[in-house]
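Read through the structure below, which is laid out as structure tokens, and then see the notes.
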Amino acid sequence: NLVKERGQTWVVSGDPPKTFGQLWEDIPQDHVPHWHRSRLLIWGNYKLLMKAEYLFFYIPTVLILGLCIPMFTTIYALEEVVASTMTVKVTGRQWYWVYEVESPTDDGDDDE
């Protein structure tokens, strides 16, 4: 029972679909309990839902923002140019360190 369709080969069974009781005959299907739909509404407690929402969404969000905002302000504050008298550039190589000391040149701006 092979059927070719859209470039694919499919195996097709001639049997009609079976019910759950026919597939698993050893599981009895008599006296299966049926509850009304309103009994299944476990999450009907609005106050409990709001507590869960605050617990799992808002509190972690506030914590993450409380950590990220000072971090970004610190990063961008470090990028500002500060008047310095000397700059030391340190480059780490595989086996050694390279130190470059840059001192500003005297432009003659002093009163002396």
Side-chain angles (χ1 to χ4, degrees):
N1 296 337
L2 297 177
V3 175
K4 286 195 166 191
E5 180 180 319
R6 288 180 254 142
Q8 297 287 331
T9 304
W10 305 92
V11 177
V12 178
S13 172
D15 298 334
K18 297 181 180 179
T19 62
F20 187 81
Q22 292 172 341
L23 289 175
W24 291 279
E25 295 174 359
D26 55 341
I27 301 175
Q29 297 296 311
D30 301 332
H31 307 294
V32 177
H34 174 73
W35 288 291
H36 192 264
R37 189 172 184 86
S38 64
R39 186 173 175 187
L40 299 176
L41 296 176
I42 301 169
W43 294 100
N45 190 350
Y46 181 74
K47 291 183 180 179
L48 180 65
L49 276 177
M50 292 308 296
K51 288 178 187 177
E53 185 173 352
Y54 277 113
L55 182 67
F56 292 112
F57 180 75
Y58 290 113
I59 293 175
T61 303
V62 169
L63 288 175
I64 290 172
L65 289 177
L67 292 172
C68 289
I69 291 173
M71 180 187 65
F72 281 117
T73 55
T74 305
I75 288 173
Y76 287 117
L78 290 176
E79 290 184 359
E80 293 181 7
V81 177
V82 179
S84 61
T85 57
M86 183 173 65
T87 304
V88 178
K89 179 181 174 184
V90 180
T91 305
R93 303 288 182 178
Q94 185 175 3
W95 302 110
Y96 58 94
W97 295 90
V98 176
Y99 301 97
E100 297 177 16
V101 179
E102 299 174 2
S103 298
T105 58
D106 188 14
D107 295 330
D109 294 337
D110 296 332
D111 295 335
E112 299 174 12

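All values below were derived from every heavy atom in this structure, side-chain atoms included, with hydrogens, water molecules and symmetry-related copies excluded. Everything quoted here is computed from the prediction, not taken from an experiment.
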Listed by chain and number, what are the side-chain contact (heavy atoms from CB on, under 4.5 Å) partners of [X], not counting sequence neighbours?
X	result
Val98	Thr91, Arg93, Tyr96, Glu100
Gln22	Lys18, Thr19
Trp95	none
Lys4	Thr9

Next on the checklist: One pair to check against side chain to side chain contact (heavy atoms under 4.5 Å, CB included): Glu5 and Trp10. What are the steps and the verdict?
Outcome noted: CA-CA 7 Å; Glu5 180 180 319; Trp10 305 92; 4.0 Å; yes

Checklist entry - Atom CD of Glu102 and atom CE of Met86: how far apart are they, to the nearest 0.5 Å? => result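 The distance works out to 11.0 Å.
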
Item to check | Test ring pair (Phe, Tyr, Trp, His ring centres under 6.0 Å) applied to Tyr58 - qualifying residues, sequence neighbours left out | outcome: Tyr54

Name the atoms and distances for all side-chain donor-acceptor pairs under 3.5 Å in residues 64-77, with sequence neighbours left out.
| residue | atom | partner | partner atom | Å |
| --- | --- | --- | --- | --- |
| Thr73 | OG1 | Ile69 | O | 3.2 |
| Thr73 | OG1 | Pro70 | O | 2.8 |
| Thr74 | OG1 | Pro70 | O | 2.7 |

Next on the checklist: Test question: given the 4.5 Å side-chain rule for I, L, V, M, F, W and Y, name all other residues clustered with Val11, or answer none.
Outcome noted: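 Once heavy-atom contacts under 4.5 Å are chained together, Val11 belongs with Leu2.
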
